[in-house]
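Right, one structure below, let's go through it.
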Amino acid sequence: MKHPEPGFLGVRLRSHRTSAGMTLEELSQASGVSVRAIGDIERGRSRGAQERSVEALAEALGLTEGGRSQLLTAAREGRRRPVAVLSGWGDLPPVLPDFVGRGSEADWLRDRCAGPGERTPVAIVSGGPGLGKTSLVVHTAHAVADRFADGVCFLDLRGLDPVPLAPEEALLRLLDALGVRERDIPADPQQRLTLYRRVVKDRAALIVLDNAAYEAQVRPLLPGVGDSAVWITSRRMLSGIEHADRLNLRPLPGPDATSLLSNILATRNSDGGDDNSVDALADIAGLCGNSPLALRIAGNRLLSRPAWSPRALAERLAFEDLRLDRLTAGDLHIQAAFTLSYDQLTDPAKLLFRRLALVPGADFGPALGAALTEQPWAAVEQTMDELIELSLLVPTTADRASFHDLLRLFADRCLHDEDTPDSRGRARTRMNDWLLATAREAGQWFEPGHVPAPADPAAAVRLGSQDAADAWIRTENVNWLAALRQAVADGAYESVLATADSMHWFSDRWTYWGHWHTVFALACEAALALGDAAAEATHLNYLSWAQSMCLGRPAEALATALRAAELARQCDDQRQQAWAYNYAGYAAALLDRPLEALDHLQKSIALFPGSGDKEGLPQALIALARAYFLLGRFDDGMHALERIFQLLDAPATAPAAHITEMTRFIAQGWVARIHAGAGRWDEAISAYRTAVELGVAVDFPQIQGGMLSALAEVLHDQGRTTEAREALDRARRVFLANDFTTEADQTRKLLDTWPAEDDRLADAE
């Protein structure tokens, strides 16, 4: 078949336009394709317009199917005539045959091809070392090459070399690749830039700039307008480049990482058995942090060692101290890839990078970095930006970041190579001291009678409210808990006790954390080491609460509370005796031993008034109401609750405001339960609604969701199905919003079993 001549598309388009009696401007307005783009096609300067543009032109011209097909064929043939690469610069590297995954990322790049008359699209693909930036871009460039009439031009900017490719040299190579004769390329950098932009303006080419070093290297290589597109890869985010779309590459998803390993090993003949076990490959992928470079190295190691099974390699990689050394195959070294980025850092950034390896948690903020480096937190914030820009850290939230798994190992190696044991120890101590001091400050916000200290404008963390304190405790929970464990190991027992004490009332707000039993057990250990029986009794009480409320182990909680009661009696500490009997009564009720619970709780209620503790008596009365409920003594339970509300309403006996809110909420829930237990359904529904609204003001989503669920069940049992479904759906949304997925699933399943009210009425009829 004879292909259309180079100018065929333009000739046919002009013929159709004149036959339709349309000017360039009229066709442009009707099709959405720019006047300049239509003119370029008609003059033969653009021989292979994009398919969507041709479709738009054909529709605007009202062409028959035959005429439309003829234009599309001419456009496709025009795109198959790329400009020859004269000197070898610009050849697109071959695509990797075992490339896998990255479907959404490839689609993102495809969407950033040129459109007629638009600003030249600029797409920047950034990411840490070894994540496959170049592989992704090359793979996608091959897939879209036929969209660009003037071909694809690839240039490595040598961004990790000691001296990256200079912009003027890059312009020379790009002009050469685009078909400009060397003798026609100006020596003057500005004239060279002008020529480059003029040439690209008249072309439809995909320009791939790989491995960019910094913004100033890239800016002169960006055309203004035209039908071309520019794709850039860099370890840096190149944040200073304006009007660019950005994709920050992350490690492969687990299944894709396993598939990549499987593809690499597809031709392997193994003597090791269990050749391509999916489980073993998945373990290797996880140990490689799902990094494509690390996966390729691991795969190549297996290819070169037929006697090894994937399981054997996984076991070798499991040793963290040796993992980086074992991720080596021939001239591929994962550590070498990391070192190239590390060597580009300033000295403060190198120090921060390696010291952050001391952080036990998954992420960190500038304040932790300041404690580790003794640098001002504002300076550390800027340094963290440098590490994020170079993709050595990954941003997690507005002001926090984390390591990729293998980069954390690399940072730890740098730390041991460059810092002395003494400097590492001092840095860790400063971090832990800061974490525990800040934890104490945050926890104090929830203690009765707390008076905030004047705000320090120079502080790295400003805890100016309960909300700010709450957020800090939760965000840094892994780090301050690790610091607490280390403080016990270091014998800093006073610090341990003070920190655990400060968390007593906050712990009620976050019962589902899962580590309060550890916090208070560590405090008990510290008190025992100090020989402080009163402190031990206090923290045994807190531990009993955690065993009941957080772990669901009431038998352990009862034994712990009775131990606390005996220690408090020996110390003549009436307040802790009262709390101990309160916790014992609560645990006995959970064990369905209400008479034993009554005995402990009556002791607690008798002791609290003389103890000077306004917070404890309402809690003991709530537990008493629970015991009466279990015994079916509903009126006695209601009397206990009425006494609570009297205490809360009287200024002389009311606890701190936030504890009063919490107590009123819980007590109101028990009012509803007792009414329901007594069969007083209207009163129960009204009380549950009041409790739910009180719950909006306190941060107890799990309990609020539970009350909504209980309200829904009462409404459903009374035949008020629409209201019941509304309450249950509200409970489901509360659970979902606070990550209580099990509870949310349970409410959804129950909701699915309840018919709409109309269905029930229909059944009744």
- Backbone of Gln576 reached by a side-chain donor or acceptor of Asn541 within 3.5 Å: yes
- Message: Within the structure provided, determine whether Ile659 and Met662 are in side-chain contact (heavy-atom separation under 4.5 Å).
- Response: yes
- Message: Could you measure the distance from the CD1 atom of Ile124 to the CE atom of Met237? Nearest 0.5 Å is fine.
- Response: 11.0 Å
- May I ask you to test the Phe364-Met384 pair for a side-chain heavy-atom distance under 4.5 Å? yes
- Does Lys133 reach the main-chain N or O of Gly128 with its side chain, forming a donor-acceptor pair under 3.5 Å? yes
- Check: Glu536 side chain, Leu567 main-chain N or O, donor-acceptor pair, under 3.5 Å: no
- Residues forming a side-chain contact (heavy atoms from CB on, under 4.5 Å) with Val163, sequence neighbours excluded: none
- Message: Tell me every residue that passes side-chain contact (heavy atoms from CB on, under 4.5 Å) with Glu381, counting only those two or more places apart in sequence or in another chain.
- Response: Pro366, Trp377
- Query: Are the side chains of Phe403 and Leu393 in touch, meaning some heavy atoms are under 4.5 Å apart?
  - Reply: yes
- Query: Ala442 and Ala469: which non-hydrogen atoms are nearest, and at how many Å?
  - Reply: O-CB, 3.5 Å
- Item | Non-hydrogen side-chain atoms of Asp613 and Trp579 separated by less than 4.5 Å | yes
- Look up atom OG1 in Thr383 and atom CZ in Phe353, then write down how far apart they are to the nearest 0.5 Å. 13.5 Å
- Report yes or no: does His517 contribute a side-chain atom to a donor-acceptor pair with the main-chain N or O of Cys550 at less than 3.5 Å? no
- Looking only at heavy atoms, what is the nearest atom pair of Gln619 and Glu615, with distance? CG-O, 3.2 Å
- Query: If you take all heavy atoms of Val734 and Pro701, which pair is closest and at what distance?
  - Reply: CG1-O, 3.4 Å
- Message: If you count every heavy atom of other residues, nucleotides or ligands that lies below 6.0 Å from Phe319 atom CZ, does the total exceed 12?
- Response: no
- Which pairs count as salt bridge (charged side-chain N to carboxylate O under 4.0 Å, His left out) when at least one residue sits in residues 426-453, sequence neighbours excluded? Glu374-Arg430, Asp422-Arg426
- So the salt bridge (charged side-chain N to carboxylate O under 4.0 Å, His left out) pairs with at least one residue in residues 332-360 (sequence neighbours excluded) are Arg354-Glu418, Arg354-Asp419, Arg355-Asp419
- Task: Measure the spacing between CG of Leu356 and CG of Asp412 and express it to the nearest 0.5 Å.
- Result: 12.0 Å
- Query: Within the side chain of Arg235, is there an N or O that forms a donor-acceptor pair under 3.5 Å with the backbone of Leu390?
  - Reply: no
- Query: Does Pro292 reach the side chain of Leu252, with side-chain heavy atoms less than 4.5 Å apart?
  - Reply: yes
- Message: For Ala535, give me all partners under side-chain contact (heavy atoms from CB on, under 4.5 Å), at least two apart in sequence or on another chain.
- Response: Leu497, Ala527, Asp532
- Item | For Phe338, all residues meeting ring-ring contact (aromatic ring centres under 6.0 Å, His included), sequence neighbours excluded | Phe410
- Task: Measure the spacing between OG of Ser291 and CD1 of Ile297 and express it to the nearest 0.5 Å.
- Result: 7.5 Å
- Task: Using the salt bridge (charged side-chain N to carboxylate O under 4.0 Å, His left out) rule, collect all pairs that involve residues 236-253, keeping only residues at least two apart or in two chains.
- Result: Arg112-Asp245
- Note on the structure: Taking every heavy atom of Ala487 against every heavy atom of Val496, the minimum-distance pair comes out as CB-CG2, 3.6 Å
- Does a side-chain heavy-atom distance below 4.5 Å link Phe446 with Ser502? no
- Item | Pairs where residues 470-481 contributes a residue and the test side chain to side chain donor-acceptor pair (under 3.5 Å) is met, not counting sequence neighbours | Arg400-Glu476, Asp470-Arg474, Asp470-Arg509, Arg474-Asp699, Glu476-Asn479, Asn477-Trp513
- Message: Could you check whether any side-chain N or O of Thr233 sits under 3.5 Å from a backbone N or O of Val125, counting only pairs where one atom can act as donor and the other as acceptor?
- Response: no
- Query: Among Trp516, Tyr583, Tyr512, Tyr586, whose side-chain contact (heavy atoms from CB on, under 4.5 Å) with Met549 holds?
  - Reply: Tyr586
- Any side chain to side chain donor-acceptor pair (under 3.5 Å) pairs touching residues 481-493, not counting sequence neighbours? Gln486-Asp490
- Query: Does Leu540 offer a backbone N or O that forms a donor-acceptor pair with the side chain of Ser544 under 3.5 Å?
  - Reply: no
- Task: For the residue pair Pro129 and Leu340, establish whether any side-chain heavy-atom pair is separated by less than 4.5 Å.
- Result: no
- Task: Drop me the distance from Arg296's CZ to Leu293's CG, to the nearest 0.5 angstrom.
- Result: 8.5 Å
- Message: Suppose we screen for side-chain contact (heavy atoms from CB on, under 4.5 Å). Which residues come up paired with Glu386, at least two apart in sequence or across chains?
- Response: Leu345, Thr346, Ala349
- CG of Leu287 to CG of Leu295, rounded to nearest 0.5 Å, is 10.5 Å
- Steps toward side chain to side chain contact (heavy atoms under 4.5 Å, CB included) verdict (Leu322, Arg316): CA-CA 8 Å; Leu322 299 174; Arg316 287 170 177 266; over 6 Å; no
- Task: Looking only at non-hydrogen atoms, find the nearest pair between Ala362 and Arg408 and report the distance.
- Result: O-NH2, 3.9 Å
- Message: Between Val137 and Asp210, does the side chain to side chain contact (heavy atoms under 4.5 Å, CB included) criterion hold? Intermediate values first, please.
- Response: CA-CA 9 Å; Val137 168; Asp210 187 46; over 6 Å; no
- Task: Take Leu372 and Val359 through the side chain to side chain contact (heavy atoms under 4.5 Å, CB included) test and state the conclusion after the steps.
- Result: CA-CA 9 Å; Leu372 286 164; Val359 178; 3.8 Å; yes
- Short side-chain donor-acceptor distance under 3.5 Å, Asn738 and Gln702: no
- Thr560 and Gln547: side chain donor to acceptor below 3.5 Å: yes
- Inspect the surroundings of CG in Asp321 and state if more than 12 heavy atoms from other residues, nucleotides or ligands are less than 6.0 Å away. no
- Message: Tell me every residue that passes ring-ring contact (aromatic ring centres under 6.0 Å, His included) with Tyr542, counting only those two or more places apart in sequence or in another chain.
- Response: His504, Phe520, His539
- Message: Run the ring-ring contact (aromatic ring centres under 6.0 Å, His included) test against Phe700 and tell me which residues pass, sequence neighbours left out.
- Response: none
- Run the numbers on Leu160 and Gln344 for side chain to side chain contact (heavy atoms under 4.5 Å, CB included), then give the verdict. CA-CA 8 Å; Leu160 297 173; Gln344 291 190 328; 3.6 Å; yes
- Message: So Ile703 and Ile666, do their side chains get closer than 4.5 Å, heavy atoms only?
- Response: yes
- Note on the structure: Minimal heavy-atom distance between Leu327 and Ala298, with the atoms involved, is CD2-CB, 4.3 Å
